[in-house]
Protein chains: 2
Amino acid sequence: MTKFSTREKIVKAADQLFYENGFDHTSFADVANGVGISRGNFYHHFKSKNDILGAVIEHRKQNTEKMIDGWEMDANSPKDRIKCYINILVKNQTLIKEFGCPVGTLTNEMAKLKHASAKDATAIFSLFKSWLTKQFAESGCQENADKLAMHVLSWSQGTATMYNAFKDDDFLRNELMQIEDWLDKQIKEN
Amino acid sequence: MTKFSTREKIVKAADQLFYENGFDHTSFADVANGVGISRGNFYHHFKSKNDILGAVIEHRKQNTEKMIDGWEMDANSPKDRIKCYINILVKNQTLIKEFGCPVGTLTNEMAKLKHASAKDATAIFSLFKSWLTKQFAESGCQENADKLAMHVLSWSQGTATMYNAFKDDDFLRNELMQIEDWLDKQIKEN
DNA sequence: GTCTATACGCCGATAGAC
DNA sequence: GTCTATCGGCGTATAGAC
């Protein structure tokens, strides 16, 4: 039974609410309700709503790094590691169906709000991008590893968006198959 | 010089603001400002904000149908018509870079708001989907025209999302080239 | 058909008691 | 560190004059 500080509890509750209801649409009352504290108590831990957003993005970055570290441990070849990334679509299938990709949707909301944290949201994408680029480079695609990484990122985003819109399980299954086939063509070994 | 009714002016101003700033984040004051009328005057034309959203979605549907009709006129082969669809990414490049795809981002916002109009927003995607399916069917891909149509839709969505996030012109150019190559592989004739 | 005035609630944020 | 009380502003929506 791990104990979490109030600050940590706020960040976790806000993280979930920002994802499921949107940042702008989430009020302090919503977060307070989720944590079980009063509204006024927030300002002891954060000085503004934007400050909470900053902490949420930082929290997501750290979780992303942890997830990537886990893939490095579990999978032995670059190709298998890239498949771990693709597999997020399966692991988070239910949430993506309902709310879309947490990174893509936050990034776009930040863009529409002209929010100062837009670049921080994009930085989460960059973590995936750099890591995917490294995987492609290590599997013999040095010359265009960057493009391949962006393509995988883009492909998964499109799949998440359309799955969220149509909620069609057959579509998701078919795209996942096609990504695997494509990956096998790009990386011959293993 | 066409004359527009106040109702039409409201719908057009709201359409743009919903796209650029988000539906939830757009206030009546914003729309009133854009049109040049007072806030109270709204309720003579629409009974609620959701009513305006309904009219905006209907307006977008009609514009989509007009756009598709234009493609039918301009392009002679199914392949060329599909290329017209892809070319939206070029024609609306500046807007997509700043705000993302209007259909994909509205659909996702509706999902997060658990909004009753979510299905109406998805219906705009369906217009493209049905039409793309017809194009693939007409070019000899009857057996999996549906899957190919969804793949094109998904691909363009992913490209729009990542272009909005990273604002990388090279990425956009590269994906466009790849889509064309892929299309040439799917449809041999013409 | 357009306006002003206004109701009423929720928003983020502050002050200060305990 | 947590609470209650409260502020000023903005949100949608309504009523009613012109």
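Computed from heavy atoms alone, side chains included, the values below leave out hydrogens, waters and symmetry copies. Computed from a predicted model, the values in this text were never measured in an experiment. Quick note on labels: first sequence line is chain A, next is B, and so on, each numbered from 1.
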Is the closest side-chain donor-acceptor distance between [X] and [Y] under 3.5 Å?
X: A:Glu175; Y: A:Tyr163; value: no
X: A:Asn164; Y: B:Asn108; value: yes
X: A:Thr105; Y: B:Lys112; value: yes

In whole Å, I'd like the distance from the [atom1] atom of [X] to the [atom2] atom of [N].
X: B:His25; N: D:dT12; atom1: NE2; atom2: P; result: 11 Å
X: A:Phe46; N: D:dG1; atom1: CZ; atom2: C1'; result: 14 Å
X: A:Arg7; N: D:dG1; atom1: CZ; atom2: C1'; result: 15 Å
X: B:Ile37; N: D:dC18; atom1: CD1; atom2: P; result: 21 Å
X: A:Tyr43; N: C:dA15; atom1: OH; atom2: C1'; result: 13 Å
X: A:His44; N: C:dC18; atom1: NE2; atom2: C1'; result: 14 Å
X: B:Phe42; N: C:dT4; atom1: CZ; atom2: C1'; result: 16 Å
X: B:Lys9; N: C:dT2; atom1: NZ; atom2: C1'; result: 12 Å

Name the closest nucleotide to the [X] side chain, picking from [options].
X: B:Asn41; options: D:dT4, C:dC3, C:dG12; answer: C:dC3
X: A:Ser27; options: D:dT14, C:dC11, C:dA13; answer: C:dC11
X: A:Phe28; options: C:dA13, C:dC3, C:dT2; answer: C:dA13

Note to self: Looking at A:Lys49 and A:Thr26, would you say the former's side chain and the latter's main chain have a donor-acceptor pair under 3.5 Å?
What the structure shows: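 Yes.
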
